[in-house]
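Each remark here refers to the structure printed beneath this line.
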There are 2 protein chains.
Amino acid sequence: MANIQQVAKHAGVSVATVSRVLNGKDKVTAKTKQKVEEAIQYLNYEPSMLGRNLRNSESRIVLILIPTISNPFYFEIIKGIENMALSQNYSILLCETDSKPEKEEIYFDLLRKKMADGVISMDPAVNVETLKELAENYAIIQCSEYGGGIGIPYVTIDSEEASYRAVKHLIQIGHRKIALMNSDEKFLYARERRMGYERALDEHGIPLNGDYIFYTQELGFEQGQLAMKKILQLEDRPTAVFAVSDLLAIGALKEINAAGLNVPKDIAVVGFDKIDFSNMTNPALTTVAQPMYKMGTVAARMLIEKIQGKTVDSVVLGHELVIRESTTG
Amino acid sequence: MANIQQVAKHAGVSVATVSRVLNGKDKVTAKTKQKVEEAIQYLNYEPSMLGRNLRNSESRIVLILIPTISNPFYFEIIKGIENMALSQNYSILLCETDSKPEKEEIYFDLLRKKMADGVISMDPAVNVETLKELAENYAIIQCSEYGGGIGIPYVTIDSEEASYRAVKHLIQIGHRKIALMNSDEKFLYARERRMGYERALDEHGIPLNGDYIFYTQELGFEQGQLAMKKILQLEDRPTAVFAVSDLLAIGALKEINAAGLNVPKDIAVVGFDKIDFSNMTNPALTTVAQPMYKMGTVAARMLIEKIQGKTVDSVVLGHELVIRESTTG
DNA sequence: GATGAAAATGTAATCGATTACATTTCGGGT
DNA sequence: ACCCGAAATGTAATCGATTACATTTTCATC
C-alpha cells in the first residue's frame with residue numbers, strides 16, 4: 001500500500017518524476033525511468049485513482065440507467081457500452097431504477113457528487129424535467145428511448161418505420177385482423193409504433209379497429225399474458241398479434257398455447273427487440289432486430305465525446321425484420 | 001460547482017463547520033447550521049465525493065464479477081446485492097468477465113487502484129490463485145460459486161443435496177433412465193451435482209450408466225440443444241433429463257419439441273436455478289429454486305462487514321424443488 | 001462580574017496524485 | 001574551458017473534502 005512519495009524516495013527522485021513515468025507523456029531518461037520502475041516493482045506500488053481522480057476532477061465512471069436488469073433487451077446494449085467504455089478507460093455503473101424516481105435520484109446524485117462523469121439513460125420512465133436540468137451541467141445521452149426535442153443527444157432506431165414493416169409483413173402473408181399490443185402512449189416510442197401500425201393498415205386499405213389495440217403498463221411477460229387473455233376473448237378474434245416487445249410476445253405465445261391454439265396457424269405473433277430468448281421459444285419468434293450492440297457502442301462514444309466537451313449529434317440506426325416460425329410456421 | 005470553501009465563506013464560517021453540518025455527527029448551533037444550509041442552497045452546493053473519498057481512503061464502490069450478463073440467473077442476486085449495498089451507501093460496478101482473464105484483470109486493477117472497496121465474485125471460471133492473493137489485502141466474497149477451501153468467505157447452496165432431490169423427484173414419478181446434463185467438472189459445483197445425481201440413483205438401486213452423463217462447455221441454451229441432440233441419438237433413450245441450469249434445460253426442451261416428442265410424456269426435463277424464463281416456456285420447467293435475492297443480500301452484507309474489517313463466516317442457504325409441467329404434465 | 005468547564009467553532013494537516021513553474025544538468029559549438 | 005539553449009528533474013501548489021487539535025464562545029455558578 002505504498003504511495004507515490006515512497007516510490008519517489010526509494011527511487012531517489014521526486015514525485016513529479018514518478019508521476020511522469022507513470023503517465024509516460026513527459027520525457028524521462030531511460031536510466032531514471034528504470035530506477036522508478038524498480039522502485040514500483042519493489043514496493044508493489046499501485047497508483048491510487050482516488051488521488052488522481054480528485055486532482056483531475058473526474059471519476060472515469062459512467063452511469064447506465066435502465067428500468068430493470070431483467071429485460072434481456074438491454075444485454076447487448078450494455079455490452080456495447082461496456083466495451084467502448086473500457087477501451088477508453090471508463091468503468092460503468094449499472095443502475096436499475098425500477099422506474100422509481102427515488103432510485104433515479106440516488107443515481108443522479110452520484111453525478112452531482114462527481115462520482116460519475118456522465119449518464120446514458122435507457123429508462124423511458126425517466127423524469128424528463130430532471131434530465132433536462134442535469135443536461136445543462138453534465139454529460140447525458142439517451143439511448144434507445146428518448147424524450148423528444150429536449151436537446152439531449154440520443155441514439156435510437158426509427159420506431160415508426162420498424163413497426164410499419166412488421167405489420168406490413170403480417171399483411172403480406174395474408175392477415176387483415178391484426179392486434180397491436182402496445183405500451184403506454186406516454187412514451188414516445190409507443191406513439192411512434194402505433195403510427196407505424198396505422199400507416200401499414202392504411203396503406204393496404206384495412207380500416208383501423210380500436211378494439212384491436214391494447215395497452216400494457218409494462219413490457220414484461222405477465223403483461224403479455226394478460227393482454228393476450230383479453231384478445232382471445234374478442235368476438236371477432238384477430239389472426240395476428242404485433243407486440244412491441246419480445247417479452248410481451250412471449251407472454252402472448254404462452255397464452256395462445258394454453259388456450260389450445262396454434263402459432264402461427266391460428267394466430268401469428270410478431271415481437272420486437274430480438275432478445276436472446278426470442279429464439280428459444282417454441283415456435284421461435286418473428287421479431288424486429290434492433291442493432292443493440294452498435295447502439296451501445298455509439299451511445300458510449302457519444303457520451304465520452306460529450307464528457308470531453310465536444311458537441312455531439314443524435315444518431316438514428318437501422319433495424320431489421322427477422323422472420324421466424326411464429327409467422328411462417 | 002461550488003466547493004466547501006466557497007460555502008464556508010458565504011456562510012461566514014470555517015470549512016470545518018460546513019463539514020460538520022454536512023455529516024451531522026458533530027454538534028453545531030441551530031443558528032450556524034441554518035446559515036450554512038442557506039449558503040448550500042444558495043450556491044447549489046453538492047459535496048464532491050472525490051475529495052471525500054480521497055480523505056477517507058475509500059471509494060464506496062463494490063465490484064460484482066459475473067461471467068456474462070446474459071444469464072438471467074444473476075438477476076435476482078444482483079438485485080439483492082444492489083439493494084443491500086445502496087442501503088449502506090455503496091454503489092455497485094457490474095463486471096462482465098466473459099470468463100476471460102484479461103477482462104478479469106481490468107476489474108481487479110480497479111480494486112488495486114482503490115477504485116473499489118471490495119469484490120463479490122460469481123464467476124466460476126475466476127482465477128483462484130489471483131483471487132487468493134487479492135484476498136490477503138482486499139475484501140472478497142464468493143457468491144454462488146466457490147473455489148473450495150481457500151479461506152475466502154462464500155455464500156452458496158448445498159448443490160449435492162439439491163441435485164439429489166431433483167433426481168429423486170424424477171425417480172419417484174417413475175423414471176429410471178435419467179440423463180444428466182452437467183457442466184465441466186473443473187467446477188466444484190459440477191462435481192457436487194454429479195455426486196447428488198449418483199447418490200439418488202444409488203439409493204434407489206439404479207445402476208449408473210456412463211452413457212447418460214453429458215458435459216457441456218457452458219451453461220447456455222445452445223449447449224443444451226447440442227447435448228440434447230446427442231441424447232436423442234442414444235439407442236436406449238432416457239425418459240428424463242436433469243440439466244444443471246435452466247438455460248440448458250430450455251435448450252433441451254426446444255430440441256425435444258423439434259424432434260416431435262412431447263415433454264413430459266416422452267421425456268421429462270428438470271432444470272436448475274428457477275430463472276424467470278423457466279416459467280415462460282411451454283411447458284413450464286420443473287427446476288431447483290435457489291434463494292437468489294437472499295444470496296445477494298447476504299453476500300453484500302458479508303462484503304461490507306469484511307470491508308469494515310470484521311471477520312465473516314461462510315453461509316450455506318436452503319433451496320427448493322419447484323415442480324411444474326415439464327415433469328408432471 | 002469573575003470563573004471555569006463545556007460547547008462551538010476555527011486552523012491547518014492530511015489523503016495521493018498531477019502539473020505549472022523553477023532549477024539543475026547535459027551536451028554541442030566555439 | 002566556456003557559454004547557452006534544450007532537456008531532465010525538482011519544488012510546491014492544487015484538487016475538495018475530513019478531523020485532530022487549538023482557540024474562542026457560552027453560560028451556569030458563586
Side-chain angles (χ1 to χ4, degrees), chain A residues 1-40 43-61 89 109-117 137, chain B residues 1-40 43-61 89 109-117 137:
Chain A
M1 306 291 178
N3 62 19
I4 200 173
Q5 314 282 345
Q6 294 165 30
V7 173
K9 195 167 163 191
H10 193 272
V13 299
S14 74
V15 291
T17 301
V18 177
S19 178
R20 282 188 266 256
V21 172
L22 251 33
N23 296 300
K25 43 190 161 193
D26 259 333
K27 283 217 161 343
V28 290
T29 327
K31 196 163 39 156
T32 33
K33 185 171 171 192
Q34 202 196 326
K35 276 195 299 183
V36 171
E37 275 165 353
E38 278 169 14
I40 288 175
L43 294 170
N44 230 313
Y45 167 72
E46 295 274 353
S48 157
M49 299 207 66
L50 299 177
R52 167 192 305 221
N53 287 349
L54 171 59
R55 174 58 213 232
N56 294 347
S57 305
E58 62 173 14
S59 61
R60 296 210 84 82
I61 285 180
N89 273 305
D109 258 353
L110 291 180
L111 195 61
R112 299 195 186 96
K113 291 181 176 162
K114 308 248 186 326
M115 193 69 242
D117 294 342
N137 294 306
Chain B
M1 306 292 178
N3 62 17
I4 199 172
Q5 313 282 346
Q6 295 167 29
V7 173
K9 195 167 165 192
H10 193 271
V13 298
S14 74
V15 291
T17 301
V18 177
S19 179
R20 281 188 267 258
V21 171
L22 249 34
N23 296 300
K25 43 190 161 194
D26 260 332
K27 283 219 163 339
V28 289
T29 328
K31 197 162 39 153
T32 34
K33 185 172 173 194
Q34 201 195 327
K35 274 193 300 182
V36 171
E37 276 164 352
E38 278 170 14
I40 288 175
L43 293 170
N44 231 315
Y45 167 72
E46 296 274 354
S48 157
M49 298 207 66
L50 299 177
R52 167 193 304 223
N53 287 349
L54 171 59
R55 175 58 214 231
N56 294 347
S57 305
E58 61 172 14
S59 62
R60 297 211 82 85
I61 285 180
N89 272 305
D109 258 353
L110 291 181
L111 195 62
R112 300 195 186 98
K113 292 183 175 162
K114 308 251 185 327
M115 194 69 241
D117 294 342
N137 294 305

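Given the structure is predicted, the values throughout are model-derived calculations rather than measurements.
A heavy atom lying under 4.0 Å from DNA chain D marks the following residues of residues 23-30 of chain A, by number: Lys27(A), Val28(A), Thr29(A).
What you find for Val15(A) and Gln5(A) is that their closest heavy atoms are CG1-OE1, 3.4 Å. When every heavy atom of Tyr45(B) is checked against every heavy atom of Asn3(B), the shortest pair comes out as CE1-C, 3.6 Å. The minimum heavy-atom distance between His10(A) and Ala39(A), with the atom names listed, is ND1-CB, 3.6 Å. Scanning all heavy atoms of the two residues, the minimum distance from Asn53(A) to Glu58(A) falls at CB-O, 2.9 Å. Taking both residues in full, the closest heavy atoms of Ser19(A) and Ile4(A) are given as N-CD1, 3.9 Å, listed atom of the first, atom of the second, then distance. Of all the heavy atoms in Arg20(A) and Asp26(A), the pair that sits closest is CD-CB, 3.3 Å.
Rounded to whole angstrom, the span from the NZ atom of Lys31(A) across to the C1' atom of dT9(D) amounts to 13 Å.
Put simply, the side chain of Val13(B) does not reach to within 4.5 Å of the side chain of Val28(B), judged on heavy atoms. By the 4.5 Å heavy-atom criterion applied to side chains, Ile40(B) and Leu22(B) are counted as neighbours.
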Protein N or O to nucleotides 11-16 of chain C N or O, pairs below 3.5 Å:
unit_1, atom_1, unit_2, atom_2, d
dT14(C), O2, Arg55(B), NH1, 2.8
dC15(C), O2, Arg55(B), N, 3.4
dG16(C), OP2, Asn3(A), ND2, 3.4
dG16(C), N2, Gly51(A), O, 3.1

